[in-house]
Amino acid sequence: VGGTANTPPIGEYIAYAGRLSEEKGWDMLVDIAARNPHLRVEVAGFVNEEVLGKALPDNIRFSGYLDQTKLRQFYRKARFLVIPSRCYEGFPLVALEAMAMGKPVIGPDHGGFTEIIGRGPDAIGFLFRPGDSIDLEKAILSLWNDEEQIRLFGKKSIEKIKTAYSSEIIYWQWEHLFSELLETGKN
């Protein structure tokens, strides 16, 4: 389903980008895909032989390792990004990459995910209880069929990238931090 210059396309699949390991929650996503054959999951990243040797649901497809141009297209064609990580991650760049393409993000309510995704009217996606496959599935199913919410989160994702994570904003934040540290060191 297409979009306009101001609204990203709805997308065709759930995006997952990263390592296919238990600490990244890959097994939860596989279980959810198996229970919901109507969902389409597309995976970007290196796929090892151990993963390929396992029986996986037919609705999971592998794109393999993607360069930056292909990765942008991967996100652009997705409905949203799911990061089912069990790990406490400080600043997950995959979330920002998807947000820059106007995509909502579903991630665990811990680490950097909580601040990046947010809650309430400023949220750019859904948070789920870390390690809770049922809560993750509920978030995925809620967003999968809600085109209006996908569009709203997508617009907010782009806005948040511009206002919170642009290079100018990051530069100012670092400059401010270093100034404070220098002032503190003088006292």
Side-chain angles (χ1 to χ4, degrees), residues 8 10-36 39-46 51 59-63 66 71-72 74-166 169-170:
I10 291 300
E12 308 161 10
Y13 51 79
I14 297 165
Y16 174 89
R19 279 195 335 261
L20 308 179
S21 61
E22 187 175 335
E23 71 269 9
K24 293 292 189 176
W26 165 247
D27 57 312
M28 290 191 298
L29 190 55
V30 169
D31 291 344
I32 291 166
R35 288 192 299 269
N36 297 278
L39 298 176
R40 183 173 161 209
V41 178
E42 226 17 78
V43 179
F46 177 74
V51 170
N59 55 339
I60 295 179
R61 303 247 188 269
F62 296 98
S63 297
L66 304 174
L71 190 60
R72 282 192 295 276
F74 170 79
Y75 288 128
R76 185 159 177 70
K77 291 180 180 179
R79 285 190 184 200
F80 51 88
L81 173 70
V82 171
I83 308 172
S85 185
R86 291 180 173 94
C87 298
Y88 190 89
E89 299 183 37
F91 198 75
L93 290 177
V94 294
L96 300 180
E97 291 169 343
M99 290 167 61
M101 300 311 305
K103 297 304 169 177
V105 179
I106 296 175
D109 190 3
H110 66 171
F113 299 107
T114 304
E115 182 176 328
I116 292 171
I117 295 169
R119 289 189 175 82
D122 295 328
I124 57 93
F126 292 132
L127 294 165
F128 69 94
R129 284 184 301 280
D132 186 335
S133 177
I134 301 303
D135 200 36
L136 172 58
E137 184 173 13
K138 179 181 166 190
I140 289 171
L141 293 175
S142 175
L143 194 52
W144 179 257
N145 290 314
D146 193 341
E147 290 187 13
E148 185 177 328
Q149 190 65 61
I150 291 170
R151 281 192 177 92
L152 180 61
F153 282 154
K155 286 179 185 179
K156 289 181 179 185
S157 291
I158 291 170
E159 189 59 33
K160 190 165 190 175
I161 284 289
K162 289 177 183 176
T163 60
Y165 300 113
S166 71
I169 298 292
I170 299 299

Fill in: Test item: F74 and E42 side chains (from C-beta on) under 4.5 Å apart, heavy atoms
yes
Worksheet item: For the side-chain contact (heavy atoms from CB on, under 4.5 Å) test, which of L127, L136, I83 pairs with I106?
Response: L136
Worksheet entry | 4.5 Å side-chain heavy-atom contact, K24 and E89 | yes
Worksheet item: Is there a donor-acceptor contact under 3.5 Å from the side chain of D135 to the main chain of F128?
Response: no
Fill in: Side-chain heavy atoms of S85 within contact of R19, under 4.5 Å
no
Discussion item. A side-chain contact here means heavy atoms from C-beta on lying under 4.5 Å apart; do I150 and P104 qualify?
Written reply: yes
Discussion item. Just so I know, are the side chains of W144 and N36 near enough to count as touching, which here means a heavy-atom distance under 4.5 Å?
Written reply: no
Worksheet item: Taking atom CG of D146 and atom CG of L141, what is their separation to the nearest 0.5 Å?
Response: 12.0 Å
Fill in: Any donor-acceptor pair under 3.5 Å from N59 side chain to A33 backbone
yes
Discussion item. Classify the ring geometry of H110 against Y88: parallel below 30°, tilted from 30° to 60°, perpendicular beyond 60°.
Written reply: perpendicular
Worksheet item: Is there a side-chain contact (heavy atoms from CB on, under 4.5 Å) between V82 and Y16 once you walk through the steps?
Response: CA-CA 6 Å; V82 171; Y16 174 89; 5.6 Å; no
Worksheet item: Are the side chains of R61 and V43 in touch, meaning some heavy atoms are under 4.5 Å apart?
Response: no
Item to complete: Taking all heavy atoms of A44 and all of S63, pick out the closest pair and write down the distance.
Response: CA-CB, 4.5 Å
Practice prompt. Check the angle between the aromatic planes of F126 and F153 and answer parallel, tilted or perpendicular using the 30° and 60° thresholds.
Written response: perpendicular
Worksheet item: Is the shortest heavy-atom distance from the side chain of F113 to the side chain of P108 under 4.5 Å?
Response: yes
Worksheet item: Can any side-chain N or O of S157 pair as donor or acceptor with the backbone N or O of K103 at less than 3.5 Å?
Response: yes
Fill in: Counterpart residues, ring pair (Phe, Tyr, Trp, His ring centres under 6.0 Å), relative to F80 (two or more places apart)
none
Worksheet item: Any sub-3.5 Å donor-acceptor pair from K160's side-chain atoms to I116's backbone N or O?
Response: yes
Worksheet item: Do R151 side-chain atoms and I10 backbone N/O form a donor-acceptor pair below 3.5 Å?
Response: no
Discussion item. For M99 and V105: C-alpha separation, side-chain torsions, deciding distance, then whether side-chain contact (heavy atoms from CB on, under 4.5 Å) applies.
Written reply: CA-CA 7 Å; M99 290 167 61; V105 179; 3.9 Å; yes
Response to the item:
Value for CE (M101) from CG (L96), rounded to nearest 0.5 Å, stands at 13.5 Å
Discussion item. So does G11 get a backbone contact from the side chain of R79, meaning a donor-acceptor N/O pair under 3.5 Å?
Written reply: yes
Discussion item. Quick check for you: to the nearest 0.5 Å, what is the distance between I134 atom CD1 and M28 atom CE?
Written reply: 10.5 Å
Discussion item. What I'd like to find out is whether the side chain of Q149 reaches to under 4.5 Å of the side chain of L152, using heavy atoms alone.
Written reply: yes
Discussion item. Could you walk me through whether I124 and E159 satisfy the side-chain contact (heavy atoms from CB on, under 4.5 Å) test, starting with their C-alpha distance in whole Å, then the side-chain angles of each, then the deciding distance to 0.1 Å, before giving a yes or no?
Written reply: CA-CA 9 Å; I124 57 93; E159 189 59 33; over 6 Å; no
Worksheet entry | Approximate separation, where rounding is to 0.5 Å, of E137 CD and L39 CG | 8.0 Å
Discussion item. Any salt bridge linking R86 with D27? Criterion: basic side-chain nitrogen under 4.0 Å from a carboxylate oxygen.
Written reply: yes
Fill in: Donor + acceptor pair across side chains of Y75, E97 (<3.5 Å)
yes
Practice prompt. Could you check I140, I60, L81, I32 and say which one makes a side-chain contact (heavy atoms from CB on, under 4.5 Å) with I14?
Written response: I140
